[in-house]
Amino acid sequence: MLRNVIAPSRDFTQVANTLVWDDDLSDTAFRLLVRALALPPSRARGTTVTELAAGLPCGRITADRARRQLSGAGLLHCARWRSATGQVRTESLISSVPLDEAEVERLFAEHFANGRPGAGRRAPGGPAARESGTALPAGERLEGETSPLPVPAQPEPEPGPELDQADPAVLAEAEQVLLSLRRTDPRLVLGAAEVGRLLPLAAEWLARGVSSAAMRHALTAGLPAQLKCPSALLRCRLRDKMPAPVRIASLTSCEGCDRAFRPLNGELRCGSCRQESAAAAAAPARADGGGLRIGWRDRVALAARG
């Protein structure tokens, strides 16, 4: 093997041969060390080891492993210190030769004492107690200082359907619907306890005028491809898609025959009286028209006019 070694006259970095032949250091660790030593003093003060490792063409895990290798070899040391403003920062020290703990302590002490006026190594122990500028005289306290904090009012749970008030026939029909869901989708297999928890909601659907087929379609239509908990899905659908209760109009008395009926759109007479009025109004029209029958639209208009 031939060699041609020319010593550079400028812009070079001295590295010990022991580091070059150190098989414990990876290529990333060696490049990180050489790059850190090659930085000029002005740039080195403003560059952290993390920023320097981010510039290497490797991942974060490889860069962290390289820093640990340099720390284990005694080439990279870190110390935490508190600045004059109270902020805790980390200072790194990288060396071209391994350093022991005494030398590292001495270098950090010189740096913190000379390079950072008013700063120092963080002392062990908890933070010092601060005195407030608004301290009260001895024996006095703020009004309500010892009063407990107000407890926020908990929202009352919404009343749900109760099994005791439901019709037994409706409960039986709702149970049959829940148990028959497995026929539509084999994944909708419910246990006895799950059916018992879903039964009040299903019975409320039927009590509000929804048919069994309509409720079965609402529970089984558009199921997801992956179904982890069938009972939870059915409970959400029964609760969120609960139809509005049907409002039944109260009974009123007909103005024509005084018979009780339920008006749909504010009618004042029952259906029989409206039909008789419509037939009576259509009789002159049939007589004038030679027995022609009027259309259904005219009949509806006459019945609406009453």
Side-chain angles (χ1 to χ4, degrees), residues 1-135 224-228:
M1 179 178 60
L2 300 178
R3 294 193 311 159
N4 181 25
V5 180
I6 300 177
S9 59
R10 53 182 300 180
D11 295 337
F12 63 92
T13 303
Q14 294 181 352
V15 180
N17 291 335
T18 54
L19 300 178
V20 177
W21 295 101
D22 190 356
D23 295 335
D24 294 336
L25 293 180
S26 61
D27 296 340
T28 304
F30 184 76
R31 293 185 61 184
L32 178 61
L33 174 64
V34 174
R35 286 192 174 190
L37 296 177
L39 289 174
S42 58
R43 241 186 106 185
R45 289 297 306 120
T47 305
T48 62
V49 180
T50 303
E51 296 174 352
L52 195 61
L56 295 176
C58 62
R60 185 184 62 181
I61 298 178
T62 305
D64 293 341
R65 187 182 300 113
R67 286 197 292 264
R68 289 195 298 269
Q69 290 177 356
L70 293 177
S71 298
L75 302 174
L76 176 62
H77 306 272
C78 298
R80 302 182 65 183
W81 57 280
R82 186 182 299 275
S83 63
T85 58
Q87 297 179 351
V88 179
R89 298 182 179 180
T90 302
E91 187 71 31
S92 301
L93 172 64
I94 197 161
S95 174
S96 59
V97 295
L99 300 178
D100 55 12
E101 293 295 334
E103 294 175 337
V104 172
E105 290 289 339
R106 180 180 57 81
L107 292 176
F108 274 127
E110 294 178 356
H111 170 70
F112 292 139
N114 300 329
R116 299 285 181 178
R121 299 288 299 275
R122 186 175 64 172
R130 298 181 180 179
E131 294 184 0
S132 174
T134 58
Q226 295 182 357
L227 189 58
K228 297 182 179 180

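Quantities reported herein were computed from a predicted structural model and do not represent experimental measurements.
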* **Leu32 vs Thr28, side-chain contact (heavy atoms from CB on, under 4.5 Å): CA-CA, chis, key distance, verdict** => CA-CA 6 Å; Leu32 178 61; Thr28 304; 5.5 Å; no
* Quick one: closest heavy-atom pair of Ser92 and Phe108, and the distance? => C-CZ, 4.5 Å
* Structure fact -> For Phe30 and Val15, the nearest pair of non-hydrogen atoms, with its separation, is CE1-CG1, 4.0 Å
* Test side chain to side chain donor-acceptor pair (under 3.5 Å) applied to Arg106 - qualifying residues, sequence neighbours left out -> Glu110
* To do: Please lay out, stage by stage, how Asp100 and Glu103 fare under the test side-chain contact (heavy atoms from CB on, under 4.5 Å).
  => CA-CA 6 Å; Asp100 55 12; Glu103 294 175 337; 2.9 Å; yes
Under 3.5 Å donor-acceptor pairs involving side-chain atoms of residues 56-77, not counting sequence neighbours:
from: Asp64; atom 1: OD1; to: Arg67; atom 2: NH2; distance (Å): 2.1
from: Gln69; atom 1: OE1; to: Ser26; atom 2: N; distance (Å): 3.0
from: Gln69; atom 1: OE1; to: Ser26; atom 2: OG; distance (Å): 2.9
from: Ser71; atom 1: OG; to: Arg67; atom 2: O; distance (Å): 3.0
from: His77; atom 1: NE2; to: Gly74; atom 2: O; distance (Å): 2.9

* To do: Locate the shortest heavy-atom distance separating Leu33 from Ser95; write the atom from each residue and the value.
  => CD1-O, 3.6 Å
* Can you list every salt bridge (charged side-chain N to carboxylate O under 4.0 Å, His left out) pair that touches residues 13-23, not counting sequence neighbours? -> none
* Tell me, with the steps shown, if Leu93 and Leu99 meet side-chain contact (heavy atoms from CB on, under 4.5 Å). => CA-CA 10 Å; Leu93 172 64; Leu99 300 178; 4.3 Å; yes
* What's the shortest heavy-atom distance between Ser96 and Leu19, and which atoms? -> O-CD1, 3.2 Å
